[in-house]
Amino acid sequence: MQVFNTIADLQATLKGLRAKGDKIAFVPTMGGLHQGHLSLVEQANQHADNVIVSIFVNPTQFGENEDFEQYPNTLKEDLKQLEALQVAGVFIPDAQQMYPDGFSTNIKAGHLAEGLCGEKRPGHFDGVVQVVHRLFEIISPDIAIFGQKDYQQLLVIKQMVNEYSLPINIISADIVREADGLAMSTRNQYLSAKERTEAANLYRILVQLKQDVLSNKAIDSAILNAKQSLAKHFKVDYLSVLDANTLSATSDNTTQIAILCAVFLGSTRLIDNIIFYPKQNT
Ligand code: PAF
């Protein structure tokens with residue numbers, strides 16, 4: 001496994017791989033790797049000859065009072081885990097490589113970034129599409145893998161790829177959960193032991209909400225019940241039940257439903273979602 005700190009070194013190697021006709025899959029990360037990230041890499045391995053992983057804590061996607069400064073850095077351990085998965089290369093640029101002096105971009109997130117996390121974290125998705133577009137420009141992968149855990153991010157990136165006609169196949173990977181249902185996240189490290197136990201209630205309540213929606217309970221009252229249950233354990237940032245393709249209200253044309261939620265547990269923000277098919281009326 002090669003580690004690249006500069007764009008020039010990475011691109012020289014990628015040129016050689018492409019000359020052999022190799023397919024490149026790309027997994028962007030901010031480090032702090034856990035089994036969820038590793039499952040993205042495993043999926044990438046199935047789709048391409050070579051996998052490139054990036055580790056870059058992107059400052060432009062963090063708000064002023066967010067956790068950019070304390071974002072977990074587990075680089076040594078990350079590299080060991082990636083090596084074991086036979087990753088071809090890890091790109092670890094510094095901010096100067098990613099955003100050299102005078103760097104400017106017009107890349108902005110599309111309308112799918114407007115509600116939910118986009119509303120609660122203004123500017124977040126502009127930062128995400130900016131860094132992902134820049135990484136795509138540098139790496140030109142055939143395939144890129146994103147986790148469904150960040151469902152809105154996944155849709156916003158797909159929208160960006162469509163809008164800019166980038167020849168990159170975006171693949172989504174299922175959420176990986178702990179035994180008690182908590183979705184794996186680098187930020188789970190911030191939880192105290194007591195909070196970690198409490199955190200399992202998030203998925204449990206979302207599963208109940210899914211069952212309520214499938215049993216034809218009125219969506220508004222099902223959401224209200226779920227919000228009341230969540231409020232016993234968390235400060236609710238948002239909870240919505242939407243059309244999973246458009247992130248707008250569900251309708252008769254909805255083919256998949258998304259339950260999307262963000263909560264605070266102490267100062268830690270947790271997000272989770274469930275995507276499912278509506279009940280077929282026979
Ligand atoms: O999902 C993440 O870890 C980040 O948003 C990403 C896609 C690596 C961009 O910084």
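From a predicted model like this one, the values you see are computed outputs, not experimental measurements. Remember, it's 1-based here, ligands and their atoms both numbered in the order they're listed.
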Considering only N or O atoms, set out every pair between ligand 1 and the protein closer than 3.5 Å, with distances to one decimal place.
{"from": "ligand 1", "atom 1": "1 (O)", "to": "Gln153", "atom 2": "NE2", "distance (Å)": "2.8"}
{"from": "ligand 1", "atom 1": "5 (O)", "to": "Gln61", "atom 2": "NE2", "distance (Å)": "2.9"}
{"from": "ligand 1", "atom 1": "5 (O)", "to": "Gln153", "atom 2": "OE1", "distance (Å)": "2.8"}
{"from": "ligand 1", "atom 1": "10 (O)", "to": "Gln61", "atom 2": "OE1", "distance (Å)": "2.6"}

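For Gln97 (side chain) and Ile7 (main-chain N/O), a donor-acceptor pair under 3.5 Å exists by modelled atom type.
With sequence neighbours excluded, no residue forms a side chain to side chain donor-acceptor pair (under 3.5 Å) with Thr268. Not a single salt bridge (charged side-chain N to carboxylate O under 4.0 Å, His left out) links Lys158 to another residue, sequence neighbours left out.
Proximity of Met98 to Phe103: side-chain heavy atoms (C-beta onward) are nowhere separated by under 4.5 Å.
Identified under the salt bridge (Lys or Arg N to Asp or Glu O under 4.0 Å) test for residues 38-66, with sequence neighbours left out: Glu66-Arg121.
No hydrogens or angles considered: nothing links the side chains of Asn45 and Gln86 as a donor-acceptor pair under 3.5 Å.
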